[in-house]
Q: 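Take a look at this one; I'll ask things after.
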Amino acid sequence: MMDLILWRHAEAHEGAEDFDDLQRVLTPRGEKQAARMAAWLRRHLPDGLRVLASPALRTEQTVQALDRKYKLRAELLPNGTPQELLELAQWPHAKGAVLVVGHQPVLGQVAAQLLGMQAGECAIRKGSVWWLRQRQRLEHTETVLLTIQTPEFL
């Protein structure tokens, strides 16, 4: 059994046209979203969790609210692919749980792929978490969507 927890970065300031997208910071609302979601995650995350985050400033600020050790991985930058994310997380072969803090559209593409949906059908809202589990049922494996949490409803 493996859990893959996808957490989209919280709301960030829009950058000017010539601004480096990776340097965008969270808005005050985004800081509240990250804190609220981090508090919920701390109550539910298992021990031994691996935490991986995009090195973009807004994702690093989001994951810092969790107050756990994390690794920044370039594969999770906005130009990454669903395949790179899944390989990095070692889905579905790793044991335990992996929390990935990243960006749209890749997070939504990963969720859609694992749930058998069209890639464009999954949009993960800023600051939200999608918690997926791969489990073995008799002769086959299945992916279960355990929960979707948005900061506005916590």
Side-chain angles (χ1 to χ4, degrees), residues 1-12 20-24 26 30 33-34 36-154:
M1 183 177 76
M2 179 184 180
D3 286 0
L4 178 62
I5 305 150
L6 304 173
W7 187 9
R8 184 175 177 194
H9 67 79
E11 181 183 274
D20 181 355
D21 179 60
L22 302 183
Q23 296 303 311
R24 291 173 42 213
L26 297 183
Q33 289 174 336
R36 201 174 299 135
M37 188 57 68
W40 181 86
L41 283 166
R42 279 193 297 273
R43 291 193 305 272
H44 298 283
L45 291 173
D47 293 333
L49 171 82
R50 288 187 300 136
V51 181
L52 307 170
S54 160
L57 192 51
R58 61 192 178 274
T59 44
E60 189 168 7
Q61 287 180 306
T62 299
V63 75
Q64 284 171 346
L66 190 59
D67 205 23
R68 283 200 184 199
K69 289 182 181 177
Y70 60 90
K71 290 186 179 169
L72 297 178
R73 297 299 303 254
E75 297 94 325
L76 301 175
L77 284 167
N79 61 352
T81 66
Q83 192 58 37
E84 288 173 321
L85 187 153
L86 292 170
E87 286 175 14
L88 184 62
Q90 301 172 345
W91 177 272
H93 308 293
K95 298 287 184 228
V98 178
L99 171 63
V100 175
V101 186
H103 308 270
Q104 272 296 99
V106 174
L107 294 181
Q109 291 166 347
V110 167
Q113 179 180 328
L114 297 182
L115 296 171
M117 301 163 65
Q118 295 298 316
E121 293 179 355
C122 263
I124 295 179
R125 295 188 58 174
K126 291 177 183 167
S128 296
V129 165
W130 286 45
W131 194 317
L132 302 147
R133 176 170 289 163
Q134 175 92 23
R135 67 181 184 185
Q136 189 73 31
R137 280 284 193 202
L138 302 174
E139 298 299 315
H140 67 283
T141 58
E142 59 186 15
T143 300
V144 178
L145 178 59
L146 294 182
T147 190
I148 298 173
Q149 296 294 331
T150 61
E152 293 79 14
F153 286 95
L154 295 178

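Heavy atoms only: backbone and side chains are in, while hydrogens, waters and symmetry mates are out.
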Q: Can you tell me how far CZ of Arg73 sits from CG of Leu52, rounded to the nearest 0.5 angstrom?
A: 7.0 Å
Q: Does a side-chain heavy-atom distance below 4.5 Å link Ile5 with Leu45?
A: yes
Q: Grab the two heavy atoms, one from Val51 and one from Lys69, that are nearest each other, plus how far apart they are.
A: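 Between these two residues, the closest heavy atoms are CB-O, 3.5 Å.
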Q: Out of curiosity, Gln33 CD to Arg125 CZ, how far, rounded to the nearest 0.5 Å?
A: 8.0 Å
Q: State, yes or no, whether a side-chain contact exists between Leu66 and Val101 at a heavy-atom distance under 4.5 Å.
A: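 No. Closest side-chain heavy atoms not under 4.5 Å.
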Q: State, with a plain yes or no, whether a side-chain heavy atom of Thr59 is found less than 4.5 Å away from one of Leu76.
A: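 The answer is no; the side chains never approach within 4.5 Å.
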Q: Which pair of heavy atoms, one from Asp21 and one from Pro78, lies closest together, and at what distance?
A: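 Closest pair (atom of Asp21, atom of Pro78, distance): OD2-CG, 3.9 Å.
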Q: Ignoring hydrogens, what is the shortest heavy-atom contact between Ala53 and Val63? Give both atom names and the distance.
A: CB-CG1, 4.0 Å
Q: Can you find a heavy atom in the side chain of His103 that is under 4.5 Å from one in the side chain of Arg58?
A: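 Yes. Closest side-chain heavy atoms under 4.5 Å.
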Q: Could you check if a side-chain atom of Glu60 sits within less than 4.5 angstrom of a side-chain atom of Tyr70, using non-hydrogen atoms only?
A: yes
Q: With a 4.5 Å limit on heavy-atom distance, are the side chains of Arg135 and Glu142 in contact?
A: yes
Q: Answer with yes or no whether the side chains of Gln149 and Thr147 bring together a donor and an acceptor at under 3.5 Å.
A: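 Yes, a side-chain donor-acceptor pair sits under 3.5 Å.
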Q: Using every non-hydrogen atom in the two residues, find where Leu107 and Val100 come nearest and quote the distance to one decimal.
A: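 Leu107 and Val100 have their closest heavy atoms at CD2-CG1, 4.4 Å.
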Q: Can you tell me how far the CG atom of Leu85 sits from the CG atom of Leu4, to the nearest 0.5 Å?
A: 6.5 Å
Q: So Leu57 and Leu22, do their side chains get closer than 4.5 Å, heavy atoms only?
A: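 In short, these two side chains do not touch, never coming nearer than 4.5 Å.
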Q: To the nearest 0.5 Å, what is the distance between OG1 (Thr62) and CD (Gln64)?
A: 9.0 Å
Q: When you compare the side chains of Gln109 and Gln113, does any donor N or O come within less than 3.5 Å of an acceptor on the partner?
A: no
Q: Under 4.5 Å between any side-chain heavy atoms of Trp130 and Leu115, yes or no?
A: yes
Q: What is the distance from atom CD of Gln134 to atom OG1 of Thr143, rounded to the nearest 0.5 Å?
A: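 So the gap between those two atoms works out to 4.0 Å.
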Q: Work out which heavy atom in Trp131 is nearest to a heavy atom in His44; give both atom names and the distance.
A: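 Looking at all heavy atoms of both residues, the shortest contact is CH2-O, 3.5 Å.
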Q: Atom OG1 of Thr150 and atom CD of Glu152: how far apart are they, to the nearest 0.5 Å?
A: 5.0 Å
Q: For a quick test of reading the model, state the closest non-hydrogen atom pair linking Arg50 to Ala89 and the distance between them.
A: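 Here Arg50 and Ala89 meet closest at NH2-O, 2.8 Å.
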